[in-house]
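Working notes for the structure below.
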Amino acid sequence: MTTMILIYFAISLTMLLALARMILSIGRVLGQCEGSKRAADAGGVTIATGFVAIGVGGVILVGALLPAVATTPGGLLGTLGLSCLMLGLGFTHAVSTLRAVVMDAQFANKAMAAPVAKPQSVPMEPVLA
């Protein structure tokens with residue numbers, strides 16, 4: 001039983017750390033685009049940190065099911081599958097959020113770089129009441 005729990009946590013936490021590293025790598029690649037370096041770096045670190053925090057909680061919650069299903073033949077595989085599913089869905093959401101952060105930064109930089117038309121002066125006329 002203890003061996004199953006150790007195997008589960010070793011595999012699940014390794015997957016979690018590998019996916020967090022992928023989020024950081026994707027943030028670094030997205031940061032190579034012009035005008036989005038700071039947003040991609042900050043977003044990548046922030047999103048990867050949140051992913052790890054939520055992922056560890058999910059891994060622990062799924063691990064809490066392991067003693068209940070340890071007597072079944074596929075108990076370890078079932079909990080590992082649930083953990084993979086949960087981490088994969090979180091990873092997909094994290095990368096989508098990272099892409100949205102980078103796109104917002106690029107649009108903001110383009111809007112700031114666009115020339116602003118000088119307003120034309122309007123002659124002031126007295127207002128008749």
Side-chain angles (χ1 to χ4, degrees):
M1 175 67 159
T2 304
T3 307
M4 287 178 59
I5 292 173
L6 290 176
I7 290 171
Y8 166 77
F9 278 109
I11 293 173
S12 293
L13 293 176
T14 301
M15 287 187 303
L16 177 67
L17 293 177
L19 291 173
R21 182 166 168 82
M22 284 301 301
I23 292 170
L24 292 172
S25 298
I26 291 169
R28 193 173 311 119
V29 169
L30 290 175
Q32 293 175 354
C33 299
E34 187 175 327
S36 64
K37 173 116 176 88
R38 290 188 321 190
D41 288 344
V45 170
T46 304
I47 292 168
T49 302
F51 174 75
V52 168
I54 293 170
V56 165
V59 166
I60 290 172
L61 284 174
V62 174
L65 296 174
L66 193 55
V69 296
T71 57
T72 62
L76 177 62
L77 293 177
T79 54
L80 281 174
L82 185 60
S83 180
C84 288
L85 179 67
M86 174 204 58
L87 291 174
L89 290 172
F91 175 77
T92 303
H93 182 70
V95 171
S96 298
T97 304
L98 182 60
R99 289 183 64 204
V101 166
V102 170
M103 283 179 52
D104 286 347
Q106 287 179 341
F107 284 133
N109 286 337
K110 286 181 183 177
M112 291 176 66
V116 177
K118 184 178 178 183
Q120 297 177 354
S121 61
V122 177
M124 298 294 287
E125 296 180 10
V127 177
L128 301 172

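Bear in mind the structure is a predicted one, so any value in this text is a computation, not a measurement.
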Checklist entry - For Thr79, does its backbone N or O pair with a side-chain atom of Ser83 as donor and acceptor, under 3.5 Å? => result no
Non-hydrogen side-chain atoms of Leu82 and Leu65 separated by less than 4.5 Å:
yes
Handout entry: Heavy-atom side-chain contact between Leu24 and Phe51 under 4.5 Å
Key = no
What one should report as the nearest heavy-atom pair of Met15 and Cys84 is SD-SG, 3.1 Å
Closest non-hydrogen atoms of Val52 and Leu16, given as atom of the first, atom of the second and distance, are O-CD2, 4.0 Å
Tightest non-hydrogen contact, residues Gly75 and Leu66, listed as O-CD1, 3.9 Å
Is Ile23 reachable from Ile54 through a run of I, L, V, M, F, W or Y residues, each pair having side-chain heavy atoms under 4.5 Å apart? no
Heavy atoms of Ala39 and Val101 approach each other most closely as O-CG1, 3.9 Å
Is the closest side-chain heavy-atom distance between Phe91 and Leu87 below 4.5 Å? no
For Gly63 and Pro67, the nearest pair of non-hydrogen atoms, with its separation, is O-CD, 3.5 Å
Can you get from Leu77 to Leu13 by hopping between Ile, Leu, Val, Met, Phe, Trp and Tyr side chains that sit under 4.5 Å apart?
no
* **Linked, directly or transitively: Leu85 and Leu61 (ILVMFWY side chains, under 4.5 Å)** => no
Smallest heavy-atom separation, Gly43 atom then Leu98 atom, equals C-CD1, 3.7 Å
